[in-house]
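Shown next, in structure tokens, is the structure this report addresses.
Excluded from the calculations below are hydrogen atoms, water molecules and symmetry mates; all remaining heavy atoms, backbone and side chain alike, are included. Naming: A, B, ... by sequence-line order, numbering from 1 per chain.
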4 protein chains.
Amino acid sequence: MSRPTGVNSEDTKQFIVDVATKIFEHKGYSATSMANIKDETNLSKGTIYYHFKNKEELYLHCIQQVSNEFIRNWDITSQTEQSAEKKLYIWANLNNIMLQKPIMNTIQEYFVSTNKHNYDAVLELYEPEFQIVGRILEEGINRGEFKEDLHIEDVSVLLYNFITSLENAELFGYHSSQEKKNLYKLAIDLIVPGLKK
Amino acid sequence: MSRPTGVNSEDTKQFIVDVATKIFEHKGYSATSMANIKDETNLSKGTIYYHFKNKEELYLHCIQQVSNEFIRNWDITSQTEQSAEKKLYIWANLNNIMLQKPIMNTIQEYFVSTNKHNYDAVLELYEPEFQIVGRILEEGINRGEFKEDLHIEDVSVLLYNFITSLENAELFGYHSSQEKKNLYKLAIDLIVPGLKK
Amino acid sequence: MSRPTGVNSEDTKQFIVDVATKIFEHKGYSATSMANIKDETNLSKGTIYYHFKNKEELYLHCIQQVSNEFIRNWDITSQTEQSAEKKLYIWANLNNIMLQKPIMNTIQEYFVSTNKHNYDAVLELYEPEFQIVGRILEEGINRGEFKEDLHIEDVSVLLYNFITSLENAELFGYHSSQEKKNLYKLAIDLIVPGLKK
Amino acid sequence: MSRPTGVNSEDTKQFIVDVATKIFEHKGYSATSMANIKDETNLSKGTIYYHFKNKEELYLHCIQQVSNEFIRNWDITSQTEQSAEKKLYIWANLNNIMLQKPIMNTIQEYFVSTNKHNYDAVLELYEPEFQIVGRILEEGINRGEFKEDLHIEDVSVLLYNFITSLENAELFGYHSSQEKKNLYKLAIDLIVPGLKK
DNA sequence: AATGAATGAGGCTTCATTCAT
DNA sequence: GATGAATGAAGCCTCATTCAT
């Protein structure tokens, strides 16, 4: 990722967010330093602080953008009329493609390391992504694909955590893109029988 | 948690581990400072360093102990002859009871924030716990309960991540003990159909 | 030594080096603390670390500068055509004037206390100064002043150590400038007969 | 060096001094820690503090012993009737053999790092060794070997520093025992013509 | 005599942040 | 808009020393 040349304020800000996101994804909130971001962007500390009040604001900006991007991608990918089951596979695959690292893995750490105590505020951050699962389930029930007595709320939580937990796949030796793709698919394979009528 | 009075080296060491584990669980590796541990134990910095070479060693000691404890508990709980399915429920429940926070959630962060690159070393840390799942699956297949073509390796990873990801339940509003218990149970309910013949 | 007012990065850096050099000369490597340097400069710890990666780099910077200064001075002082014998006196006197403390006395301690094992790296540090002696000897032999069978390498080591060891003169009660000057001169008086034909 | 077996208090104390001397010689005063000495002796910290009030006392004890040993050795070696010139060679050689490290190289560092300001106290520490040189010179003059107008005081300082500075020989690539021996001999070769009539 | 657990001051370094230019 | 020098709190760790046993 290289610094935009026809520099304009908004570009610089976006550039910082992009670089910072990569680092936060990789190192989490506390372990990422403003110096890391400065080094990786080749900008000055002053510039970063010109665009963002502090580390926290920059972090939240990154989170927000990744979340929005995911939603946008999902909206595009899922438009076509398809079965809820198919949509689960698409959703899992999108999670894999976008490697939704920060959302689950770093938000929690960010919260405790900044001594926040209001969990509701966390939830808000990934509420939109979380609702995607709920909507798929709802659709599946309405279409008669899934069991009618599924407790959507609970199952959403389970599915959401199940899929996002796979960002750790790397740790378990799933390095190639294809291996990961298969793992995400297998996850849905495994869960679908429990959902279907 | 209050300081043991009949002071003896091993007691002090164990006391530090117990306190530190709680803090690491709560704040993760980087966000936990040695000062935190000093304050919470009411011991001096020197004493903590007398018992542990450095923060990393203390952390690994904590991880190890939690892991061992889990294994020990599992060995006791799972002795009786039971179906693999039943064992999955017992295993999930044990995960809930022991709130296996540090293992999955902080190890990854620890690794990245300490610039470790050797993934094998991480795996080793929770290998024993991880194998539990594998053995249940194997047993289920041998007993004819589960599908013969299950890829044990992959499914272990999925199940392990699935269940350990639920340590985030709190975030999603599952506060009471009973709510959590139900969630863990529901997770198995959901996955069992995908495993069974 | 007082803080420069027309603050500019390079000035600050140089100011730190100048202050640090004095302290390292006086206390050696291990006994000099960054806090000493902070106190003596009236700068903040952060500022010192902004200019120098760590204590070691700062120390080496000081060493380097003192060495360079000596070489520069020598190059100026020794330009004129003179006998090798005369040059020895000039060289000894320059050593006295510049009080080459750190080079011999602290480098060794620095090396050991930082667990360095590569002797070549030490040598490099004062190689340039060391070569001065060699060149004087060579010149003396070529000019027919000194014995032809002098082993330049060995004698350089001896002369270099001889003269630099006199930085301890203070310890032996040589306090006034004149007393020291005489001592350095006497050293050459004493050694010259052994060199001459 | 291994711990004496027929343990008795005085043996233990001596053992500590012997081990500590080696470490002080190698690392100097500040860089040597009581933990180093504990590790190297395989004794407990308590034991070391039982025998020595503190690090400083232990250090001075070591210095004292090395100095005494040197004097004792010198007294034995130099008894026989010989020329002053010959004695210089013997003295230089003894310096080489005993590797008189701590005396010159660490005392200075010890003094500054402990904020001592009374130089006389340093001198006292190695006065006895220092006097050896003076006595050789005196003898040389009385015997008619050396110039009558030698300023014994000054020349002693020069000779003493000259020879003790060679403890750095290692740094200059003189590793083998034979190489060092030659260097010490060459030093005297070089200086003798300046002393002789 | 000997031990080793405990202490807290102080050492090196990193960090988020500010601000004059 | 952008820079980078400066700051001081806080982080990790080592050290000499004490003391109950």
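- Between the C1' atom of F/dC12 and the CZ atom of B/Phe52 lies a distance of 16 Å, rounded to the nearest Å.
- Spacing between atom NE2 of A/His51 and atom P of E/dT17 amounts to 17 Å, rounded to whole angstrom units.
- In this structure, B/Lys53 places its NZ atom where only 12 or fewer heavy-atom neighbours from other residues, nucleotides or ligands lie under 6.0 Å away.
- Among the heavy atoms of the strands lying under 4.0 Å from A/Thr47 is at least one base atom, whether or not backbone atoms are also near.
- Across F/dA2, E/dT18, E/dT13, the shortest atom-to-atom separation from the side chain of C/Tyr49 is found for E/dT13.
- Nearest heavy-atom pair across D/Thr32 and D/Lys55 is O-NZ, 2.7 Å.
- For the pair D/Asn54 CG and F/dT18 P, the computed distance is 8 Å after rounding to whole Å.
- Rounded to whole Å, atom P of E/dG10 lies 11 Å from atom NZ of C/Lys45.
- Between C/Ile16 atom CD1 and F/dA6 atom C1' the separation is 10 Å, expressed in whole Å.
- When heavy atoms are screened at a 4.0 angstrom cut-off, D/Thr32 is found touching the sugar-phosphate backbone but no base atom.
- A close approach under 4.0 Å does occur between a side-chain nitrogen or oxygen of D/Thr12 and OP1 or OP2 of E/dA2.
- The minimum heavy-atom distance between A/Ile16 and A/Thr41, with the atom names listed, is CA-CG2, 4.4 Å.
- With no hydrogens or angles considered, no side-chain donor-acceptor pair links D/Thr12 and D/Tyr50 at under 3.5 Å.
- Helical stems of DNA chain F (runs of at least 3 Watson-Crick or G-U pairs, donor-acceptor distances under 3.5 Å) are listed by first residue: E:2-21 with F:2-21.
- Nucleic acid contact class of B/Lys55 (heavy atoms, under 4.0 Å, all strands): sugar-phosphate only.
- Minimum atom distance to the side chain of C/Ser33 is reached by E/dC12, of the listed E/dC12, E/dA2, F/dT17.
- Ring orientation note: the planes of B/Tyr29 and B/Phe24 are close to parallel, at an angle under 30° on the 30°/60° scale.
- Each of C/Tyr29 and B/Lys13 was matched to the nucleotide of DNA chain E holding its nearest heavy atom; the match closer to the 5' end belongs to B/Lys13.
- A donor-acceptor contact shorter than 3.5 Å links the side chain of A/Asn36 to the backbone of A/Ser33.
- At whole-Å resolution of the value, NZ in B/Lys38 and P in E/dG8 are 9 Å apart.
- In this entry the distance linking CG of A/Asn42 with P of F/dA2 reads 14 Å, nearest Å.
- In this structure, the CG atom of D/Asp39 is 12 Å from the P atom of E/dG4, given to the nearest Å.
- Distances from the side chain of D/Ser44 to the nucleotides F/dT17, E/dA2, F/dA6 place E/dA2 closest.
- Residues C/Ile48 and B/Gly46 both approach DNA chain F. Their nearest nucleotides, taken by heavy-atom distance, put C/Ile48 toward the 5′ side.
- Residue D/Tyr59 forms a side-chain hydrogen bond (donor to acceptor under 3.5 Å, both in side chains) with just one option from D/Thr21, D/Thr114, D/Thr106, and that option is D/Thr106.
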